[in-house]
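Mind having a look at this structure? Questions to follow.
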Amino acid sequence: MTVPETMRALVKTAKGRDLIEMKQMPVPRADEDTVLVRVRAAGICGSDVKILHDEHPYFPPVVLGHEFSGEIVETGRGVEGWSVGDRVVPEVHGYVCGTCRYCLSGKRHVCPSKRALGWGMDGGFAEYVKVPAWLLHRIPEGISYEEAALSEPMAIVVHGMLERAKIEPEDSVVILGCGPLGLIALQVARAEGASSVVITGADEDEKTRLRMAMELGADYAVNVQKLDPVELVMQKTGGIGADLVVDLSGAPSAIRQGLEMVRIDGRFLAIGIPAPQEVSIPWKHLIFRVPQVIFHFSSCYMSWERTLSLMGKGKVKTRPLITKVLDLSEWKEGMRMTESREAVKVVLKP
Ligand SMILES: [Zn+2]
Ligand SMILES: [Zn+2]
């Protein structure tokens with residue numbers, strides 16, 4: 001494939017609200033230890049909408065998009081094990097320092113100097129993107145570029161549930177929030193042998209997301225505006241509480257309820273990012289019930305390998321979550337559908 005001189009790219013041009021533009025810009029070229037990827041599909045994330053509203057970190061001017069898949073069209077000097085034509089998804093830690101204690105102990109994803117593709121450096125809402133080869137993972141056969149574009153959000157869930165909260169067979173699991181991450185977490189819980197899975201949502205989720213949750217294997221999909229989820233979980237677990245509660249909502253009220261429904265010595269995994277800086281929690285109740293509260297951010301190499309294995313074996317399906325596939329030029333409509341929760345996931349095709 002010949003690489004053109006210029007490409008379309010969706011750029012956050014400067015700090016401030018809005019200020020996102022489709023631009024024609026030079027195609028980057030693969031250099032030392034990097035590859036050039038022709039982007040085939042890129043998911044819109046809630047954080048992209050937050051960047052549009054200037055409510056999330058970013059370093060402008062920058063090409064947005066951190067959830068993407070594509071095909072290698074050029075390999076740079078020193079790249080081994082990857083060839084033109086390989087179907088890939090990249091982890092997003094485009095820049096890490098390499099010398100801090102986290103980088104040196106294999107935790108590059110929490111390097112304090114990290115700059116990620118799609119907000120810290122140019123990402124996947126473009127026809128081409130340059131990616132360090134060490135970030136690449138292979139898309140399994142039978143998985144489309146659109147499905148694979150959800151690897152990044154899925155890897156976050158997998159890292160949290162498998163590697164940090166260490167889900168165990170026959171765990172009773174509660175998933176707070178039924179957005180794309182929640183609907184993935186529910187399937188991961190099922191795939192890892194959960195004995196029961198409860199997922200929560202609100203009025204606006206009842207028609208689509210909560211219904212989809214039942215189709216994807218939830219035992220109970222609860223509208224918390226109609227039913228008290230703490231009561232339900234306590235009742236369904238014989239008064240014990242859930243073994244593992246995963247918060248993906250970031251909603252202070254849901255976090256409080258989640259901490260009330262986790263069993264004595266259970267685990268509470270915090271993935272959702274709350275809007276306020278502070279969330280009040282039932283501290284005294286927790287002292288006596290001794291749950292582990294596990295904070296969580298990002299994903300690491302093995303999370304991606306596990307994600308792609310689960311996807312490739314059909315244990316977690318991302319296809320049902322893709323409400324709409326749009327051309328990159330229709331990004332505004334995609335962001336609108338994401339923000340209004342009309343869509344579970346919108347994927348752009350550059
Ligand atoms: Zn994301
Ligand atoms: Zn570092």
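Counting convention: from 1, in listed order, for ligands and their atoms alike. Keep in mind it's a predicted model, so treat the numbers as computed, not measured. Here, residue 1 is the first one in the sequence, and each next residue gets the next number.
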Return the minimal non-hydrogen interatomic distance between Glu146 and Val325, and the atom names on each side.
CG-CG2, 4.3 Å
Kindly report the SG-the Zn ion (ligand 2)-SG angle for Cys103 and Cys97 respectively, rounded to 10°.
110°
With the Zn ion (ligand 1) as the apex, the SG/NE2 angle for Cys45 and His66 - to 10°:
110°
Between Asp243 and Arg263, does any NZ, NE, NH1 or NH2 come within less than 4.0 Å of an OD or OE carboxylate oxygen?
yes
Should Arg138 and Asp86 count as an ion pair when the cut-off is N to O under 4.0 Å?
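Judged by the 4.0 Å cut-off on N to carboxylate O distance, Arg138 and Asp86 do form a salt bridge.
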Output yes if Asp48 passes the N/O/S-under-2.8 Å test against the Zn ion (ligand 1); output no otherwise.
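Checking the Zn ion (ligand 1) against Asp48, no N, O or S atom falls under 2.8 Å.
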Before giving the answer on salt bridge (charged side-chain N to carboxylate O under 4.0 Å, His left out), spell out for Arg336 and Glu342 the whole-Å C-alpha distance, their side-chain angles and the decisive distance to 0.1 Å.
CA-CA 8 Å; Arg336 188 195 62 75; Glu342 203 175 306; 2.9 Å; yes
By atom name, which N, O or S atom of Glu67 is the nearest to the Zn ion (ligand 1)?
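Distance check against the Zn ion (ligand 1) picks out OE2 in Glu67.
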